[in-house]
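Since the structure comes first, as structure tokens, the remarks are kept for the end.
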Amino acid sequence: MANPVIPGFHPDPSVCRVGDDYYLVCSSFEYFPGIPVFHSRDLVHWTQIGNALDRPGQLRLTAGTASSGGVYAPTLRHHDGRFWLIVTNVAEGEGNMLFTSTDPAGPWSDPVRLPGVEGIDPDLAWDEDGTCWCTVAGVSQVRIDPYTGETLEAPRRLWSGTPGALAPEAPHLYRVGEYWYLLIAEGGTERGHGVSIARGPAPSGPFEPCPANPVLTHRGTDRPVQNTGHADLVQGPDGSWWMVLLGVRPRGGTPGWHVLGRETFLAPVTWADGWPVVGEVSPALPAPPWPLVPGPVEPGRDDFDLAELRPYWISVRDRPEEHCTTGERTGWLTLRARGGGLDDPDVVFVGRRQQHLTCRVRTRIDPAQGRGGLAVRLDEEHHYEIEASEGEVRVLARVGPLRTVVGSRAVPPGPVVLGLRVSDTPPRDARTGPDTLTLGVEEPDGTFTVLGTLDGRYLSTEVAGGFTGRVIGMYASAGTVHFDWFDYEPPAP
């Protein structure tokens with residue numbers, strides 16, 4: 001079976017089990033709606049069932065919110081008959097907040113704000129007395145009232161991992177047997193990432209570290225999955241233990257470029273002398289010892305024939321209905337420009353995460369009343385697009401301070417099919433990039449006319465920085481444009 005179990009830009013996974021069902025959430029940063037929610041019956045096959053933060057009243061991301069800002073590291077738990085979701089919005093004036101729901105598919109509540117909880121990566125745990133403990137990166141802890149957001153004491157320092165290790169973060173607190181376990185990430189979310197753990201007699205400690213820490217890291221190895229960390233523990237259907245975590249798949253030469261962002265992986269866990277032992281994190285996952293339950297397969301093609309967009313569609317910072325609708329022209333998605341194009345923080349954009357190392361994407365656009373097209377976005381300063389206006393199509397590239405027109409051609413008036421192909425780059429030397437992006441026009445007879453071929457390394461985290469991954473979608477840069485369909489085609493199995 002393939003690992004990652006949730007490919008593409010799905011970092012900082014947090015998971016909980018309720019009966020025979022599993023639910024998982026991830027960070028979403030500057031994208032709206034925020035916090036994708038997934039469901040599984042087997043820990044292997046995951047289906048997105050919604051987004052927890054799908055209303056402006058829940059998620060405020062202004063144009064001043066930087067890319068890779070916004071929503072960081074949620075924790076999902078089930079307690080006392082309801083689901084609890086705690087998260088940090090690092091946008092100015094926001095901070096930590098808590099949401100609840102009786103159905104993880106939504107709707108979720110308006111936020112309960114936590115002004116007394118400082119720091120990112122908040123965690124929730126309840127002890128036998130019903131006390132709610134909130135632990136944050138650093139690592140510090142405070143008792144809270146989760147219904148009101150009130151802190152009930154001053155924060156206390158706990159255990160912060162390996163002495164001198166960078167960025168002790170992503171804490172999760174669990175009761176397993178006679179001990180309370182404190183699981184954290186350390187080493188930073190780049191190549192030095194790892195997972196360490198400590199245990200103690202109570203939620204507040206004192207905590208003793210595992211003598212085998214870090215219990216997971218791929219730093220300094222040649223393994224195809226790197227940056228392993230930010231983990232959460234869960235029991236499988238048979239009572240065995242498993243870990244969800246983030247990792248990346250760097251490719252190409254040196255230093256290696258990962259383009260899909262940090263993805264959600266699964267690894268087996270056993271216990272020895274009261275400590276977890278993490279198994280292999282590899283692209284091939286051994287079959288678990290229980291029946292697999294594949295969920296529905298999300299179609300790669302969207303004909304925009306529903307009143308609401310499917311949950312995998314995301315936009316940059318917000319999605320006002322007056323700028324994005326399927327109700328203006330039946331069977332079409334209509335985007336109405338606001339400001340400029342992809343260089344601007346308020347771009348009107350609707351995309352989906354790139355989830356495969358190679359893929360083909362096409363869309364049919366009617367640009368008669370404006371200008372827009374098909375784009376691959378990492379942030380405002382790193383994106384490639386093929387853009388149509390009445391009578392012309394052109395390929396543009398933005399890399400840092402440089403912006404250029406790569407190629408162009410005239411097209412007849414009316415709708416046109418724009419295309420993108422992501423393919424492997426043949427090895428050349430140590431500088432070979434991870435992949436190649438080819439942009440062009442699909443002719444009426446189905447042939448593909450290439451207008452630009454670009455190195456994929458410039459749309460990677462190692463070049464652009466930040467915490468996100470590629471998102472491929474449609475945008476409007478002037479006037480009003482309509483999209484008849486969007487087709488995302490992964491490689492053949």
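Just so we're clear, the structure is a prediction, and the values are computed from it rather than from any experiment. This chain uses plain numbering: 1 for the first residue, then up along the sequence.
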Just checking, is any N or O donor in the side chain of Ser40 or Asp42 under 3.5 Å from an acceptor N or O on the other one? yes
Side-chain heavy atoms of Ile314 within contact of Val471, under 4.5 Å: yes
Assess Arg199 against Trp275: is NZ or CZ under 6.0 Å from the centre of the six-membered ring, and within 45 degrees of the ring's axis? yes
Pick from Arg377, Arg353, Arg319: which one makes a side chain to side chain contact (heavy atoms under 4.5 Å, CB included) with Tyr31? Arg377
Lys/Arg-Asp/Glu bridge criterion (N-O < 4.0 Å) met for Arg310, Asp302: yes
Please state whether the rings of His39 and Tyr23 are parallel, tilted or perpendicular, taking 30° and 60° as the class boundaries. tilted
Ignoring hydrogens and angles, state whether a donor on the side chain of Thr461 or Arg470 is under 3.5 Å from an acceptor on the partner side chain. no
Around atom CG of Asp238, are there more than 12 heavy atoms from other residues, nucleotides or ligands closer than 6.0 Å? yes
Any donor-acceptor pair under 3.5 Å linking the side-chain atoms of Glu30 with those of Ser68? no
Would you say the ring centroid of Trp126 lies under 6.0 angstrom from that of Trp133? no
Partner of Ile144 under side chain to side chain contact (heavy atoms under 4.5 Å, CB included), picked from Val112, Leu124, Asn96, is Leu124
So with a 6.0 Å cut-off around CD of Glu128, is the heavy-atom count from everything else above 12? yes
Give the ring-plane orientation class for Tyr488 versus His356, where under 30° counts as parallel, over 60° as perpendicular and anything between as tilted. tilted
Look at atom CD of Gln235 and say whether more than 12 heavy atoms of other residues, nucleotides or ligands are closer to it than 6.0 Å. yes
Which atom names give the shortest non-hydrogen contact between Phe486 and Gly473, and what distance separates them? CE1-CA, 4.0 Å
Taking the side chain as C-beta and beyond, is there a heavy-atom pair between His10 and Arg262 under 4.5 Å? no
Heavy-atom neighbours of Glu308 CD exceed 12 at 6.0 Å: no
Derivation of the ring pair (Phe, Tyr, Trp, His ring centres under 6.0 Å) call for Trp271 and Tyr181: CA-CA 13 Å; Trp271 292 80; Tyr181 288 86; 5.2 Å; yes
Any side-chain heavy atom of Val277 sitting closer than 4.5 Å to one from Val269? no
Do Trp242 and Ser240 have side-chain atoms, one donor and one acceptor, less than 3.5 Å apart? yes
Taking the six-membered ring of Phe32 as reference, does the cationic atom of Arg317 (NZ for Lys, CZ for Arg) lie under 6.0 Å from its centre and within 45° of its axis? no
Correct closest heavy-atom pair for Pro11 and Cys26 would be O-CB, 3.2 Å
Side chain proximity check, Leu420 to Val376, heavy atoms < 4.5 angstrom: yes
Presence of salt bridge, Glu380 and Arg398, under 4.0 angstrom: no
Ser27 and Asp12: side chain donor to acceptor below 3.5 Å: yes
In the structure I gave you, are the side-chain heavy atoms of Gln48 and Glu298 within less than 4.5 Å of one another anywhere? no
Tell me if a side-chain donor or acceptor on Glu94 pairs with a main-chain N or O of Ala91 at a distance below 3.5 Å. no
Short N-O contact, Arg175 and Asp127, less than 4.0 angstrom: no
Derivation and outcome, side-chain hydrogen bond (donor to acceptor under 3.5 Å, both in side chains), residues Asp123 and Thr135: CA-CA 5 Å; Asp123 174 71; Thr135 312; 4.5 Å; no
Any donor-acceptor pair under 3.5 Å linking the side chain of Ser140 with the backbone of Arg156? no
Check the orientation of Trp84 and His79. Use parallel for under 30°, tilted for 30 to 60°, and perpendicular for over 60°. tilted
Is there a donor-acceptor contact under 3.5 Å from the side chain of Glu186 to the main chain of Glu169? no
Does a side chain donor of either Arg143 or Thr151 reach within less than 3.5 Å of an acceptor in the other side chain? no
Report the distance from atom NE2 of His230 to atom CG of Leu245, rounding to the nearest 0.5 Å. 10.5 Å
Do Arg191 and Gln226 have a side chain donor and acceptor closer than 3.5 Å? no
Could you tell me whether the side chain of Ser14 and the main chain of Leu76 form a donor-acceptor pair under 3.5 Å? yes
Pair His383-Glu385, side-chain donor/acceptor within less than 3.5 Å: yes
List the atom of Thr162, the atom of Ser196, and the distance in Å for their closest heavy-atom pair. OG1-OG, 4.2 Å
What are the two closest heavy atoms between Arg457 and Gly433, and how far apart are they? NH2-N, 3.2 Å
Parallel, tilted or perpendicular: which fits the ring planes of Tyr174 and His172, with parallel below 30° and perpendicular above 60°? tilted
Can you name the closest pair of heavy atoms from Phe265 and Leu246 and give their distance? CD1-C, 4.3 Å
Using the side-chain hydrogen bond (donor to acceptor under 3.5 Å, both in side chains) rule, take Ser282 and Arg223 through it: C-alpha gap first, then chi angles, then the decisive distance, then the call. CA-CA 8 Å; Ser282 64; Arg223 294 176 179 173; over 6 Å; no
Please determine if Glu462 and Arg251 form a salt bridge, counting it only when a charged side-chain N lies under 4.0 Å from a carboxylate O. no
Below 4.0 angstrom, N of the basic side chain to O of the carboxylate: do Arg338 and Asp318 qualify? yes
